[in-house]
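To keep things clear, I will list the structure first and then write my remarks on it.
Chain letters run A, B, ... following the sequence lines, proteins first and then strands; every chain starts at 1. This one's a predicted model, so the numbers in the text were calculated from it and none came from an experiment.
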2 protein chains.
Amino acid sequence: MPGPPKRADARRNYERILAAAEEEIARDGAVASLEEIARRAGVGSATLHRHFPSRRALLEAVFHDRVEVLCLQARDLAGAPDAGQALADWLRAVAVFGATTRGLASSMLPGVEAAADSDCGPMLMTAGDILLRRARTAGAARPGVTIADVLTIVNAISLATEQHPRAAEEAARLTTLALSGVVSA
Amino acid sequence: MPGPPKRADARRNYERILAAAEEEIARDGAVASLEEIARRAGVGSATLHRHFPSRRALLEAVFHDRVEVLCLQARDLAGAPDAGQALADWLRAVAVFGATTRGLASSMLPGVEAAADSDCGPMLMTAGDILLRRARTAGAARPGVTIADVLTIVNAISLATEQHPRAAEEAARLTTLALSGVVSA
DNA sequence: AACTAAAGCGGAGGGGCACCCCACTTGTCA
DNA sequence: TGACAAGTGGGGTGCCCCTCCGCTTTAGTT
């Protein structure tokens with residue numbers, strides 16, 4: 001929410017923290033040590049906490065750009081001939097991305113401190129909603145299902161497959177499964 | 001794995017810890033403070049760590065009985081007329097249970113320290129497998145789907161809905177969704 | 001009942017972490 | 001260049017997990 005700060009040194013520290021956080025989170029996931037991040041960034045822990053008031057705020061900042069890429073992919077797919085296929089493809093991409101980007105999935109969970117600074121979630125929602133609507137009018141998506149529902153399931157799958165040896169593969173497979181159904185009863 | 005210990009005082013402490021853990025985990029989920037549990041149990045922290053070498057071991061012990069109940073439900077449902085419905089019903093029950101029992105779902109996630117003492121997961125697997133096989137021979141379940149797949153998805157849904165105001169409802173709804181599918185593409 | 005070896009106990013301590021306070025430095029702009 | 005706001009980071013607090021090790025309790029033996 002605060003966005004990059006104004007003073008030159010402050011902005012430099014902000015970027016350093018972001019870079020360090022990226023590395024650490026890639027290694028340890030969402031529970032990476034904030035102190036270690038500050039250490040790697042060469043700043044005091046107070047500086048980190050000033051720029052990012054909560055762990056979640058830091059995670060959101062780290063993942064923001066990559067989530068944006070996913071949203072752009074959604075816009076591209078919005079012109080695809082098969083609306084159902086487009087939706088499914090995009091959701092698989094989301095699942096794979098979440099499963100291979102350590103810490104992302106858990107940061108998407110509606111936690112206690114979600115309210116204000118939430119950003120990535122809504123971004124994906126609006127991007128995916130376009131695909132879902134299109135699929136629905138094409139008769140390819142079950143009516144009554146919201147994009148929130150679908151993304152919750154996909155995110156959950158990311159979370160559950162994050163530690164799998166072949167996380168990407170597994171996430172895609174389970175997503176396909178959940179989208180097409182398991183029982184016919 | 002160690003099971004209740006032999007000496008009388010040790011067994012008493014074991015039970016006290018279990019009782020205290022139940023309360024604390026109900027309140028704080030899987031991240032409950034082990035020290036607080038020991039404190040509430042009137043026991044030194046070393047005693048807790050001796051009886052339960054890892055957090056996971058404690059969680060498994062706490063949830064073991066309730067998971068057993070679920071497994072018995074599965075055996076009851078194995079005689080139901082509609083095999084697909086029986087499977088779906090049971091999976092919904094698993095999802096609701098996981099979503100409303102704080103900490104359970106995350107303790108089921110295949111973590112780093114999963115291997116040896118894992119217990120609840122396999123229990124549910126074998127119980128559910130019966131229902132799945134029956135559904136499959138009845139043509140109600142998509143072939144190629146394993147019970148591990150389905151339970152992973154259901155557990156993931158529990159995890160994602162754990163914090164929802166109406167967790168049970170939401171877990172059941174999303175499970176139904178995932179089982180019957182979302183897109184027809 | 002007394003004894004003893006083993007089993008169990010728990011306080012204290014090491015190491016880590018998140019988060020905050022506040023005296024100090026540094027950038028900015030007139 | 002000077003003054004002031006903006007920004008900094010070391011150190012402190014409180015909590016946590018986990019282990020070491022000297023002490024207490026139990027269970028079995030005579």
Round to the nearest Å and state the distance from [X] atom [atom1] to [N] atom [atom2].
| X | N | atom1 | atom2 | answer |
| --- | --- | --- | --- | --- |
| A/H51 | D/dA6 | NE2 | P | 14 Å |
| B/Y14 | D/dT26 | OH | P | 20 Å |
| A/R11 | D/dA6 | CZ | P | 15 Å |
| A/L48 | C/dA18 | CG | P | 9 Å |
| A/F52 | D/dT8 | CZ | C1' | 15 Å |

Working to the nearest 0.5 angstrom, can you tell me the gap between A/R55 CZ and A/I25 CD1?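 If I round to the nearest 0.5 Å, the distance is 8.0 Å.
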Within this structure, what is the CG-CZ distance for the pair A/D28 and A/R102, rounded to the nearest 0.5 Å?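 Output value for this atom pair is 7.0 Å.
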For nucleotides 23-30 of chain C, 5' to 3', base contacts (B), sugar-phosphate-only contacts (S) and non-contacts (-) with protein non-hydrogen atoms under 4.0 Å give ---BSS--
Would you say a side-chain N or O of [X] is under 4.0 Å from OP1 or OP2 of [N]?
| X | N | result |
| --- | --- | --- |
| A/H49 | C/dC21 | no |
| B/T47 | C/dG10 | yes |
| A/N13 | D/dT8 | yes |
| A/R50 | D/dT8 | yes |

When you measure from every atom of DNA chain D, which of residues 32-41 of chain B have a heavy atom less than 4.0 Å away?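 Going residue by residue through residues 32-41 of chain B, the ones with a heavy atom under 4.0 Å of DNA chain D turn out to be B/A32, B/S33, B/L34, B/E35, B/R39.
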With sequence neighbours left out, what residues match [X] under side chain to side chain contact (heavy atoms under 4.5 Å, CB included)?
| X | result |
| --- | --- |
| A/A138 | A/A83 |
| B/A168 | B/V96, B/T100 |
| B/T126 | none |
| A/R66 | A/E22, A/V62, A/F97, A/T101 |

Residue whose nearest DNA chain D nucleotide is more 5′ - B/S45 or A/G44: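 Result of the comparison: A/G44.
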If the condition is salt bridge (Lys or Arg N to Asp or Glu O under 4.0 Å), which residues does [X] pass it with, not counting sequence neighbours?
| X | answer |
| --- | --- |
| A/D9 | A/R7 |
| A/R92 | A/D89 |
| B/E68 | none |
| A/R166 | A/E169 |

Could you give the side-chain donor-acceptor pairs of residues 145-161 of chain A under 3.5 Å, partners two or more places apart or in another chain?
residue	atom	partner	partner atom	Å
A/T146	OG1	A/A148	N	3.4
A/T146	OG1	A/D149	N	3.1
A/T146	OG1	A/D149	OD1	3.4
A/T146	OG1	A/D149	OD2	3.2
A/D149	OD1	B/R173	NH2	2.6
A/D149	OD2	A/T146	N	3.3
A/D149	OD2	B/R173	NH1	3.0
A/T152	OG1	A/A148	O	2.7
A/N155	ND2	A/A105	O	3.3
A/S158	OG	A/A95	O	3.0
A/S158	OG	A/V154	O	3.3
A/T161	OG1	A/I157	O	2.8
A/T161	OG1	A/S158	O	3.3

In residues 18-30 of chain B, which residues come under 4.0 Å of DNA chain C by heavy atom?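 Output list: empty, so none.
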